[in-house]
Amino acid sequence: MITDADHWRSRDLAVLWHPCTQMREHPDMLPLVPIARGEGAWLIAQDGRRYLDAVSSWWTNLFGHSEPRIAAAIAAQAGQLEQVMLAGFSHEPAVNLAERLLAIAPRETARPPLAKVFYADNGSAGVEVALKMAFHWFHNRGQPQRRKFVALENGYHGETLGALAVGDVPLYRRVYAPLLAEALFAPSPDAYLAAPGESAAARAERAAVALGELFASHDGEICALILEPRVQCAGGMRMHDPVYLKRARDLCDAHGVLLIADEIATGFGRTGTLFACEQAAIQPDLLCLSKGLTGGFLPLAAVLATQDIYDGFLDASRERAFLHSHSYTGNPLACAAALASLDIFESDAVLARNRDTAAHMAALAAPLCDLANVADVRQAGMIVAFELTHGGDRHTPFDPARRVGLHAYRAALARGVVLRPLGDIVYWMPPYCVTPDQLASLADTTRSAIEEATA
Ligand code: PMP
């Protein structure tokens with residue numbers, strides 16, 4: 001066992017290439033924190049220091065680290081069946097999970113329900129599945145000219161080339177742009193971009209008009225619209241009025257376009273309802289789930305599709321089948337974790353508890369609006385975001401060279417809290433087990449970190 005943290009760090013940096021990291025910033029600008037174990041909302045370092053995981057380890061964790069019931073379910077499954085290919089074979093966790101996901105998926109009574117589940121093994125892979133399915137479905141129907149995807153400005157759907165092509169966060173996309181399939185981008189309904197005096201709903205309506213115009217100018221060429229319902233997470237926790245989703249659903253129907261809801265980050269209670277689509281009472285044609293799907297224990301994605309989409313692939317020809325495959329599709333351990341996580345939603349009345357927690361978060365966040373360099377504080381359920389700008393003026397962002405977000409990260413880490421700002425946007429997205437005391441200390445630390453980073 002390695003006990004000396006410095007020795008451990010040098011071993012790490014000698015061999016590991018970390019994700020989403022400019023490695024040159026290690027170790028001087030960015031401390032590397034060796035974590036030995038997790039417990040509830042805490043990450044516990046090798047030197048015994050405790051860090052409150054206020055971002056749920058990239059938004060995956062739901063009920064706390066090492067949640068015993070999920071851990072036990074994985075252990076039991078591992079002793080039974082760890083993996084089998086899902087082509088030609090089946091197993092209980094995959095079927096049980098599919099049944100349960102379909103039973104809780106967003107539902108519009110006037111529409112046939114989501115009826116089939118296709119598994120993949122991470123969020124980006126799930127997005128690839130949905131994009132390919134949408135295109136291939138139209139292809140099979142004799143409409144191969146429907147090959148354009150519409151996505152929203154400032155949206156994010158993952159890092160693989162297909163997912164990046166429908167993403168619009170320049171930091172991740174720009175360098176790979178020459179490799180990416182062309183997508184059409186519609187204005188984001190983002191309420192932060194509302195004109196002075198314009199309500200969030202009016203902003204959403206205005207963005208929907210622009211979406212309608214885009215659809216009309218490419219009629220018959222578009223196969224799908226992909227969006228993150230309610231919150232553009234990686235784009236800076238930018239939130240929109242649910243009315244946009246309703247309008248987008250109607251426009252998709254009017255133009256024969258499939259609607260892909262990417263609930264990889266917003267799903268499983270993050271925005272206050274089990275799925276964000278529920279807030280607009282809409283049902284997508286394809287629903288992408290991952291991250292919290294397994295309670296944050298194991299990588300797994302699920303793409304839920306309508307019967308109509310599924311039927312479009314049934315044919316004597318193999319080429320008309322959806323041949324997409326990943327080795328670990330529907331991994332039994334990951335499915336067992338997901339089933340245990342769904343059990344916890346039921347046994348612990350999680351959504352009701354989250355409503356109280358979210359109200360508490362709102363109360364603690366409100367006073368931070370008064371900080372000099374905070375332009376906006378916004379919330380959707382278990383997500384709260386603080387937009388930092390110069391003097392709190394929406395039109396005067398900080399010079400990116402100041403690295404305000406990085407400074408806030410370091411300041412919070414030094415105080416035992418993991419905040420990982422998106423640019424200059426600091427946010428809370430804690431595990432649902434977070435306690436009032438932990439939230440109070442999170443609010444104190446956030447205040448100090450913002451003050452220190454923006455001073
Ligand atoms: N879609 C959304 C909305 C996401 O937030 C993310 C991850 N941040 C992804 C897709 C990609 O998921 P993964 O990181 O598992 O590939």
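Please read all numbers here as calculations on a predicted model, not as lab measurements. Counting starts at 1 for both ligands and their atoms, following the listed order. When reading the values below, keep in mind they use all heavy atoms of this one structure, side chains included, and skip hydrogens, waters and symmetry mates.
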Fill in: Polar side-chain atom of R107 near backbone of L102 as donor-acceptor pair, under 3.5 Å
no
Worksheet entry | From the candidates H157, E228, E128, the one that places a heavy atom nearest atom 10 (C) of ligand 1 | H157
Discussion item. Could you check whether Y328 and Y119 have their ring centres less than 6.0 Å apart?
Written reply: no
Response to the item:
Closest to atom 2 (C) of ligand 1 by heavy-atom distance, out of V127, T266, T60, D262, is D262
Response to the item:
atom 5 (O) of ligand 1 sits nearest the protein heavy atom W59 CZ3, 3.4 Å
Practice prompt. Apply the test side-chain hydrogen bond (donor to acceptor under 3.5 Å, both in side chains) to residues Q279 and T273: give CA-CA distance (whole Å), side-chain angles for both, the deciding distance (0.1 Å), then the verdict.
Written response: CA-CA 7 Å; Q279 293 172 40; T273 43; 2.9 Å; yes
Worksheet item: Considering only heavy atoms, does W58 approach ligand 1 within less than 4.0 Å through its side chain, its backbone, both, or neither?
Response: neither
Item to complete: Measure S124 to ligand 1 on non-hydrogen atoms and call it side chain, backbone, both or neither using the 4.0 Å cut-off.
Response: both
Practice prompt. Identify, by atom number and element, the atoms of ligand 1 in contact range of N122, meaning under 4.0 Å from any of its heavy atoms.
Written response: 15 (O), 16 (O)
Item to complete: Mark yes or no: R146 above the aromatic ring of F138, with NZ or CZ under 6.0 Å from the six-membered ring centre and no more than 45 degrees from the axis.
Response: yes
Worksheet item: Do F345 and F63 have their ring centres less than 6.0 Å from each other?
Response: yes
Item to complete: Mark up the atoms of ligand 1 that fall under 4.0 Å of a heavy atom belonging to G158, in ascending order.
Response: 10 (C), 11 (C)
Worksheet item: When you measure from atom 12 (O) of ligand 1 to every protein heavy atom, which one gives the shortest distance, and what is it?
Response: G123 CA, 3.3 Å
Worksheet item: Using heavy atoms and a threshold below 4.0 Å, how should the contact between E159 and ligand 1 be classified: side chain, backbone, both, or neither?
Response: neither
Item to complete: Measure the CZ-SG distance between R247 and C252 for me, rounded to the nearest 0.5 Å.
Response: 13.5 Å
